[in-house]
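Protein chains get the first letters and strands the later ones, always in sequence-line order, with residue 1 at the start of each. These numbers come from the heavy atoms of this one structure, side chains and all, not from hydrogens, waters or symmetry mates. These numbers were taken from a predicted model, which means no experiment stands behind them.
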Amino acid sequence: MPTIDTSDERVAAAIAEQQELRARVRLHDDYSELQLVAGVDAGFEADGTLIRAAVVVVRLPDLAPVDYALVRQPVTFPYVPGLLAFREAPAIIAAIRQLRTTPDLIICDGHGIAHPRRCGIACHIGVLLDLPAIGCAKQRLIGRFTEPLPERGDRSPLYDGDDLIGWVVRTRATARPVFISPGHRVSLERAPDLVMACTTRFRLPEPTRLAHRLASHDDAPLTSDSPPLL
DNA sequence: GCGACAG
DNA sequence: ATCTTGTCGC
């Protein structure tokens, strides 16, 4: 396990940039008709020297995929907890810009404000593109919570001290919960509902699930149902 | 000093 | 994130 050199110039610059992006984050609902929702994710190739960013846009309320894009770039930043965006956001943003459509909302694989400096990858991407964004992570980064009840839709608040920074949501009965927090132009109150509106029978919301498949497995039918290929 | 630590 | 089949539990 490599030690994280917090004195590294790039790390210091990244943290400084997060402080600036953080000031631009807006946590009120700022969107009209949510019709196109994008899911983004990243995978790696060539021994981890290439990042592969995928974005899939689905249409509400049927969640049918209507657009997608795939971008490959050299990896330029190591994985550092709290600085994930500096490793993945550049490629993801490039992929979103390749779309022929402009999504009304972006669901990211990672956190929004549930972050040490309240600037997770969902905030980062949302602010830079000035588009509504939500973070939907599979694991906790920071915050305290109690295990939510086992039914689909059950949730419990995620706190950092006295601050409510997100929710731990059971998107599927008995499955491990996901961590939802607003990234930009979405409120803490509405974030969970927007994610649930994009979730069917799987743990992850459709946009994210499809983007994940596109980013990892080379082939990947863009059909919302059909069990995972494997 | 000892853990914790998105993907 | 990634290396990887069958198997156990809901």
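Here the CZ atom belonging to A:R52 is positioned 13.5 Å from the CD1 atom belonging to A:I92, to the nearest 0.5 angstrom. Taking CG of A:D41 as the start and CG of A:L204 as the end, the distance is 9.0 Å to the nearest 0.5 Å. Separating the SG atom in A:C119 from the CZ atom in A:R22 is a distance of 8.5 Å, to the nearest 0.5 Å.
Among the heavy atoms of the strands lying under 4.0 Å from A:D41 are primed sugar atoms or P, OP1, OP2 only; no base atom is included. Across all strands shown, A:G82 has heavy atoms under 4.0 Å from base atoms, whether or not it also approaches the sugar-phosphate. In this structure, A:L50 reaches neither bases nor backbone, as no heavy-atom distance under 4.0 Å exists between it and the strands shown.
Residue A:K138 has no polar side-chain atom (N or O) positioned under 4.0 Å from OP1 or OP2 of B:dA6.
The closest side-chain heavy-atom distance from A:Q98 to A:V71 is below 4.5 Å. Residues A:R118 and A:V25 have side chains not in contact (no heavy-atom distance under 4.5 Å, counting atoms from C-beta outward). Considering only heavy atoms from C-beta on, A:L194 comes within 4.5 Å of A:I134 through its side chain. Residues A:I107 and A:V40 are not in side-chain contact: their nearest non-hydrogen atoms beyond the backbone lie 4.5 Å or more apart. Put simply, the side chain of A:R87 reaches to within 4.5 Å of the side chain of A:V75, judged on heavy atoms.
Across residues 114-133 of chain A, A:H115, A:G120, A:I121 each have a non-hydrogen atom less than 4.0 Å from an atom of DNA chain B (numbered order). Within residues 162-197 of chain A, no residue has a heavy atom under 4.0 Å from DNA chain B.
Applying side-chain contact (heavy atoms from CB on, under 4.5 Å) to A:E88 and the options A:I93, A:I125, A:I51 leaves one that passes, A:I51. With A:L131 as the fixed residue, the side-chain contact (heavy atoms from CB on, under 4.5 Å) test singles out one of A:D30, A:T102, A:D104: A:T102.
Using modelled atom types, one finds no donor on one side chain facing an acceptor on the other under 3.5 Å when comparing A:T208 with A:D109.
Look at CD1 on A:I51: it is 9 Å from C1' on B:dG7, rounded to the nearest Å. In this structure, A:D160 atom CG and B:dA4 atom P are separated by 17 Å, rounded to whole Å. Atoms CD1 (A:I92) and C1' (B:dG7) sit 9 Å apart, rounded to a whole Å. Here the P atom of nucleotide B:dC5 and the CD1 atom of A:I15 are 18 Å apart, to the nearest Å. Going from atom CG of A:L141 over to atom C1' of B:dA6 covers 5 Å, rounded to whole Å. Computed from coordinates, the A:R87 CZ to B:dG7 P distance equals 13 Å when rounded to whole Å.
Taking the 5' to 3' direction, DNA chain C first and last meets chain A under 4.0 angstrom from a heavy atom at C:dA1 to C:dC10.
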